[in-house]
Structure formats: C-alpha cells, structure tokens
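Comments concern the structure below.
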2 protein chains.
Amino acid sequence: MSKQGKPISEAVVRRLPVYLQVLNDLHVRDVQTVSSQELGRKLDLNPAQIRKDLAYFGEFGRKGVGYDVNYLIEKIRGILKLDQPMKVALAGAGNLGHALCNYSSYVKDNMKITAVFDASPAKIGKRINRLEVLPIELLQEKVREDGIQIGIITVPAAEAQNVADRFIEAGVTGILNFAPVVLKAPDKVRIHYADFTTQLLSLAYYMDKDGTDEHEQMVD
Amino acid sequence: MSKQGKPISEAVVRRLPVYLQVLNDLHVRDVQTVSSQELGRKLDLNPAQIRKDLAYFGEFGRKGVGYDVNYLIEKIRGILKLDQPMKVALAGAGNLGHALCNYSSYVKDNMKITAVFDASPAKIGKRINRLEVLPIELLQEKVREDGIQIGIITVPAAEAQNVADRFIEAGVTGILNFAPVVLKAPDKVRIHYADFTTQLLSLAYYMDKDGTDEHEQMVD
DNA sequence: TAGATTGTTAATCGATTAACAATC
DNA sequence: TAGATTGTTAATCGATTAACAATC
C-alpha cells in the first residue's frame, strides 16, 4: 500500500530490489548521496520514474540535494520487509537446488532456507550446507512446524504442481517457481516465475541469426 | 515485426514461450485443437489477449473451431526462430553454471551450449558434460570462432560487466544475465535478466509475515 | 442451420514521461 | 542568492479487455 492507501503496481515492486542492488553498490563505494538522474543512468531508467516510484512510499529525498544512500537503502528494505526475518523452504535438491542453497547473499536480506525436500531416495538424508534433505512427504509437516512463508520449487516440471499444492496446503503465501509450468494457486498465494528457459527462448526472438534478414528478398 | 510491419511489444514476446509450454503439454497429451478460452484458463490470461497476441503474426486459428495445437506450436517456434540452431556460451562454471549446462531440454529448442568459461584455475580444464571449461581469456576468440550468438553470465556480480564486455566485443547479440547487476551494453545487444534474488526480494513485499497487519493501530 | 470461436476495432485501464512549482 | 533536484500533476504512450461482425 502506498502512503495514500492505494495499492502499489507490480511494476514498481519489481523495480525496488534492483534499486537496492545499485544503492548497495553505492554504499560499498562510500557514496553518501545520489540524485534520481544518477540512479537513472545506473539503472537505465527514467529519473522521473524513479522519483515517482519512491514517492509512493514517502518523501525520501531532499530537494536540490538528492537521496541519502544509506537512508534510502533502509527505507526500501523496510518497504520490501527485508528488515524482518523470512523463512524459506526449497523442494528439489538437484543442481539448481544446490546452487540456490549455496547462494549466501540471502543472509543480509534476512532470507533463510531452513528446509530442503526431495522425492528421490538417493538424495534423502544427504546434506546441503548442513541441511539434511528430507523426503517430500514431510513437506507440509515441516513447513507448518517451522512457520515457513516462502517455497522455492526446483523439481521437474511434471511434479511442480503437486509440490506447489503441498506448499499451499501447508500455508506458504509465496512461491518462487523455477519449473517451466504455469501453476494453479488461490489468489492469496503469490507466485513468481523464475524459469530461465522462458527468458532464453524469448531472447531468441531478438537474434538475427547469421546476419540474414528474413524479410530480404532475392533479386536476380 | 508483425504482419503489418509494426514492431512487436516485449510483453507479447515474453508470453510466447509460455504459450509454447502449455501447447507442448497439450501435444504430449494428444490434444488436437484448443480454443483461446481454454488456453486462457491454462495460462491464467485473458482469451482476447491470446488471440490478439497471435494475430500479430498471422491468422493461425479457425473461427468456430479454435487453434490446431501442432500447427500453432510450429508457428510460434518459427516466430521465436527456434527452428534454426542457435549457439550459446556460458561464463561461470559454478553451481548455477553446472545446473544450466545439465539442463537438457534446450535440445528440442535448437539451443546448444557449445562453450563454457571460467576464471578460476581450479575449474579450467575440468569437464561439464563433455565440454572442457576454458579460461575466460579465450572467450572472445572462441565465441568468434564458433559463431556463438548468445552469452549466459553466471559469474559473481563483480565480474559480470567485464564478462559482458567480452561477449559483446566478440559479437554476441543476446545476453542472459544471472548476476545481480544492471549491465551496460549498446542498444543492438539485448539483455535479459534472470537473477532470482530480485524475484525473491520482490516476493517478500507481498508476504504478511506472522499475520500482523502493519497498518493496524494499537487500541487501549 | 445453430453454436462456437476467431480476428479486429473500439473502449478502458494503467504505466511512463514531461513539465514545473516548491524548496534545499 | 543561484543552481540543483525533489515531489507531483498533467500529458502521453502503451497494453489489456470488451464487444462483435465474420465465418467455420
């Protein structure tokens, strides 16, 4: 919700983590203050859009000066609720699952993967980062027990809906889905799609292969 | 470009691979024909939008009947240029890089990872799926030699821009970037972002933690 | 024929950008 | 003060949805 009580558009929320990326980088480089113009350059975004996005949540800048980097980081972290710890579970201990588990930078964002599940007997009992891989049948029980809020799905496409149903039944309100399928879920559960094949295939559209223009006509 | 010669919006192109996902599933289940209404249900999209999206490229349906599943698959594959082989290189042989290399379903989409690069001496020379990991210094040479069109970046954030510059110098026209940074690139190079932390952090915005409504006021 | 569903135009809705008064 | 930059309103642009004639 914005300060005027209007709901915030998805486009705005999607941009906030990217703002945070750039601001964190400025912070590391000890930059104190940044203008919307400078941010726009770094983000490849219109400065007016950045000002408007931020203004939904409050007045974070100083006219004639710009935005205080650290203050803005704290504000955006607050908006995204990254100042509160959040529990995450992962289903699918394959290559991708491993990659996500080992990704450490969640920590500063208060995100913690506290459970990993898999269906394959070969994987159950193995450890990923001190975390024992549990059988998928225990998912609902464990998610309820731990109060897990977000489920990450890295199982094969054919099992994704089943796993999603388990997560939803156990009460998660957010799902990050890496499987190349559209999931069915009640409105109260938010689903973000992170399947990279979709990204890769749409990239293909913009390539002009070997330089041949497919609209070019042969002339003789 | 649409049949009227107008450029196609990014939103439309992003949806096409998802259409393909659902259509492939229908094909596997031997469904011959599907209506925009049925597709809309499966995709969680407005049927009018699906009809409009497809109509940019031609008249693929039959009034009163719907769309022939196989025919539509072929058409969309053609639009996305998946009927022509496309060469892909990957930089960053970490966990995520491994996961992407092992992902086999590119094959049917004519996508082939033909080179893998890494900066770490410990990884150079190792093999991933019969593919030898090459030193990052050889990137430009190899990409030119093989005529690689797309670069996938799975290196740490700090090195992502450098790797992108190498890819661009070597002539790729598409980059799929998994590093959590905004890349600078000339307009002719298309960049798609696949960083999942962004997706995860924006998901946090929609969670209401432990059920407490942050707008609720204490009353005594 | 009657029913269904497309392709397309018009209407609506939403998001981005420009412009500028307020003010640091 | 003069210069810079915000926050916000108005203008523009683009994308989604509704409606319906055409037609299988």
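In what follows, every chain begins at residue 1, and chains take the letters A, B, ... in the order their sequences are listed.
Residue-environment remark: CZ (B:R190) exceeds the threshold of 12 foreign heavy atoms within 6.0 Å.
When the side-chain nitrogen and oxygen atoms of A:R51 are compared with OP1 and OP2 of D:dA4, none of them lie within a distance under 4.0 Å. Residue B:S36 has a polar side-chain atom (N or O) positioned under 4.0 Å from OP1 or OP2 of C:dT6. Residue B:R14 places none of its side-chain N or O atoms closer than 4.0 Å to OP1 or OP2 of D:dA15. Dashed line: the shortest gap from a side-chain N or O of A:Y67 to OP1 or OP2 of D:dG7 is under 4.0 Å. One finds a side-chain N or O of A:S9 lying less than 4.0 angstrom from the OP1 or OP2 phosphate oxygen of C:dA15.
For the 3.5 Å distance criterion, the side chains of A:N70 and A:H27 qualify, holding a donor opposite an acceptor. A:S202 and B:R14 share no donor-acceptor pair across their side chains, judged by distance under 3.5 Å alone. A side-chain N or O of A:D165 and one of A:Q161 form a donor-acceptor pair less than 3.5 Å apart.
In this structure, B:E59 places its CD atom 18 Å from P of C:dT5, rounding to the nearest Å. Taking atom CG on A:L45 and atom C1' on C:dT16, their separation rounds to 10 Å, with Å as the unit. The interatomic distance linking A:Q37 (CD) with C:dA18 (C1') rounds to 14 Å, in whole Å. Atom pair A:D68:CG and D:dT6:P shows a separation of 13 Å (rounding to whole Å applied). Rounded to whole Å, the distance from CG on B:L43 to C1' on D:dT16 is 15 Å. What separates NZ of B:K63 from P of D:dA19 is a distance of 19 Å, to the nearest Å. What separates CZ of B:R15 from C1' of D:dA15 is a distance of 8 Å, to the nearest Å. Between the P atom of D:dT16 and the CD atom of B:E10 lies a distance of 12 Å, rounded to the nearest Å.
Here D:dT5 is the nucleotide among D:dT16, D:dT5, C:dT16 with the atom lying nearest to any side-chain atom of A:S35. Proximity note for B:A55 (side chain, C-beta onward) versus D:dG7, C:dG7, D:dT9: the nearest is C:dG7. Closest to the side chain of A:N46, from the set D:dT5, D:dT17, C:dT17, is C:dT17.
Taking the nucleotide of DNA chain C with the nearest heavy atom to each of A:Y56 and A:V65, the more 5' of the two is matched to A:Y56. Between A:D53 and B:F60, it is B:F60 whose nearest contact on DNA chain C lies nearer the 5' terminus.
D:dT9 and C:dA18 make up a base pair, with Watson-Crick or G-U wobble contacts both under 3.5 Å. Pairing partner, C:dA4: D:dT23, with both Watson-Crick or wobble hydrogen-bond distances short of 3.5 Å.
Note on A:R51 versus A:E59: no salt bridge recorded, every NZ/NE/NH1/NH2 to OD/OE distance being 4.0 Å or above. Salt-bridge annotation for B:E10 and B:R15: absent, with no side-chain N of the basic residue lying under 4.0 Å from a carboxylate O of the acidic one.
Contacts of B:R62 with the nucleic acid, taken as non-hydrogen atoms under 4.0 Å apart, involve only primed sugar atoms and P, OP1 or OP2. At a threshold of 4.0 angstrom between heavy atoms, the contacts of A:Q49 include nucleobase atoms, whether or not backbone atoms are also involved.
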